[in-house]
Amino acid sequence: VPFALAAGLTGAVDSSHIIVVAGLAEIAAGSIAMGLGGYLAARSDEDHYASEHKREELEIVERLDDERQEVHEILESYGLEREPRELVLAAFERNPTTWVDWMMRFELGLEKPQPGRAVRSAGTIALSYIAGGLIPLTPYLITPHALLALRYSVAATIIALAIFGFVKGHYTGVSPLKSAFRTTLIGGLAAAAAYSIAKLFSS
């Protein structure tokens, strides 16, 4: 986003100072908005888990027969016969805490959120946004000529996008080269579109 903004403004003005000010403002606003979004998303997960956990605790008391049947159905889907299912259920009834945690995972598909995840998520997203945003903006800090800065910005951002895409592909199991190409292409098209639109209106 900061790359597309800087490229777009370069199509409208020839002052690096204006682009730097606008870019820094966008990075500040974007990092806050994205960080807050990450925080709220993580907190929503925590609230949802707590709500469902409380509901399961009530159900193993107030709807015991239904919960027993659900355990049988889940275990049966894994191929367990009646006798071992009864043994598992008996163990659950002796340890309600384990039973609730098991139902959360195998019935609802919910994992317990890690403590402090919301704050870590917000911080990680915000700092990453700032670090990523400064890459295309740095050339404008070095030279007062916006068009010259744009060339350096394009080169720096393409390299950064390619590296990010490659690393992302490595960790997500996708072909790193394919991921690098896709990430670079999308970022390049966004910047090219912003630059073209700004240039069109400025002329």
Side-chain angles (χ1 to χ4, degrees), residues 1 3 30-133 135 158-190:
V1 173
F3 178 36
S31 64
I32 293 171
M34 296 290 286
L36 184 59
Y39 177 83
L40 292 176
R43 282 304 306 266
S44 294
D45 288 343
E46 293 175 4
D47 293 342
H48 177 61
Y49 185 91
S51 174
E52 290 298 314
H53 193 275
K54 185 176 181 179
R55 183 177 63 81
E56 284 293 337
E57 287 178 330
L58 291 174
E59 286 185 350
I60 65 171
V61 175
E62 298 175 356
R63 298 176 53 192
L64 184 58
D65 290 339
D66 292 338
E67 291 298 294
R68 285 171 174 166
Q69 182 60 33
E70 287 176 356
V71 170
H72 277 291
E73 291 174 356
I74 294 171
L75 293 176
E76 188 177 15
S77 69
Y78 284 93
L80 270 70
E81 300 294 335
R82 181 79 186 183
E83 185 175 349
R85 296 203 308 264
E86 291 288 356
L87 292 174
V88 171
L89 184 57
F92 282 158
E93 292 184 4
R94 289 193 299 270
N95 193 337
T97 301
T98 301
W99 189 0
V100 171
D101 292 340
W102 188 86
M103 293 297 284
M104 292 293 293
R105 181 174 180 182
F106 288 94
E107 181 193 10
L108 303 177
L110 298 176
E111 295 285 349
K112 185 177 182 179
Q114 296 179 352
R117 175 172 169 262
V119 174
R120 286 197 305 272
S121 177
T124 300
I125 293 172
L127 291 176
S128 298
Y129 195 93
I130 292 171
I135 292 173
I158 286 176
I159 293 171
L161 287 170
I163 293 173
F164 172 75
F166 188 91
V167 173
K168 185 182 73 168
H170 174 74
Y171 283 103
T172 57
V174 180
S175 168
L177 291 177
K178 183 178 180 180
S179 178
F181 174 77
R182 184 183 300 165
T183 304
T184 305
L185 179 64
I186 292 172
L189 288 175

Which pairs of donor and acceptor atoms, one on a side chain in residues 31-42, lie under 3.5 Å apart (sequence neighbours left out)?
residue, atom, partner, partner atom, Å
Ser31, OG, Ile27, O, 3.0
Ser31, OG, Ala28, O, 2.9
Tyr39, OH, Arg43, NH1, 3.3

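Annotation for Phe106: atom CZ counts as buried by contact number, over 12 foreign heavy atoms lying within 6.0 Å. The neighbour count for Arg55 CZ, taken as heavy atoms of other residues, nucleotides or ligands under 6.0 Å away, is above 12.
Across all non-hydrogen atoms, the minimal contact from Ala118 to Glu46 is N-OE2, 3.9 Å. When all heavy atoms of Ser179 and Gly165 are compared, the pair lying nearest together is OG-O, 2.6 Å.
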*Apply the test side chain to side chain contact (heavy atoms under 4.5 Å, CB included) to residues Ile186 and Arg182: give CA-CA distance (whole Å), side-chain angles for both, the deciding distance (0.1 Å), then the verdict.*
CA-CA 6 Å; Ile186 292 172; Arg182 184 183 300 165; 4.0 Å; yes

*Step by step, would you call Val174 with Lys168 a side chain to side chain contact (heavy atoms under 4.5 Å, CB included)?*
CA-CA 8 Å; Val174 180; Lys168 185 182 73 168; over 6 Å; no

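In this structure, the side chain of Thr183 does not engage the main chain of Ala180 through any donor-acceptor pair within 3.5 Å. With hydrogens and angles disregarded, no donor-acceptor distance shorter than 3.5 Å links the side chain of Ser121 to the backbone of Arg117.
The shortest side-chain heavy-atom distance between Glu56 and His53 does not fall under the 4.5 Å cut-off. Residues Tyr171 and Val167 are in side-chain contact: their nearest non-hydrogen atoms beyond the backbone lie under 4.5 Å apart. At least one side-chain heavy atom of Glu76 sits under 4.5 Å from a side-chain heavy atom of Arg85. Glu86 has its side chain within reach of His72: a pair of non-hydrogen atoms, C-beta onward, lies under 4.5 Å apart. By the 4.5 Å heavy-atom criterion applied to side chains, Glu59 and Asp66 are not counted as neighbours. The shortest side-chain heavy-atom distance between Val100 and Met104 falls under the 4.5 Å cut-off.
Taking CD from Glu81 and CG from Leu75, the interatomic distance works out to 11.5 Å, rounded to the nearest 0.5 Å. Between the CZ atom of Phe3 and the CD1 atom of Ile135 there is a distance of 11.0 Å, given to the nearest 0.5 Å. Distance CD1/Ile60 to CH2/Trp99: 6.0 Å, rounded to 0.5 Å. With values rounded to the nearest 0.5 angstrom, Glu93 atom CD is found 11.0 Å from Glu67 atom CD. A distance of 10.5 Å separates OG1 in Thr184 from CG in Leu189, rounded to the nearest 0.5 Å.
Evaluation of the side-chain hydrogen bond (donor to acceptor under 3.5 Å, both in side chains) rule for Arg120 yields Gln114 as partners, not counting sequence neighbours.
Using the six-membered ring where Trp is involved, Phe92 and Trp102 have ring planes that are tilted, between 30° and 60° apart.
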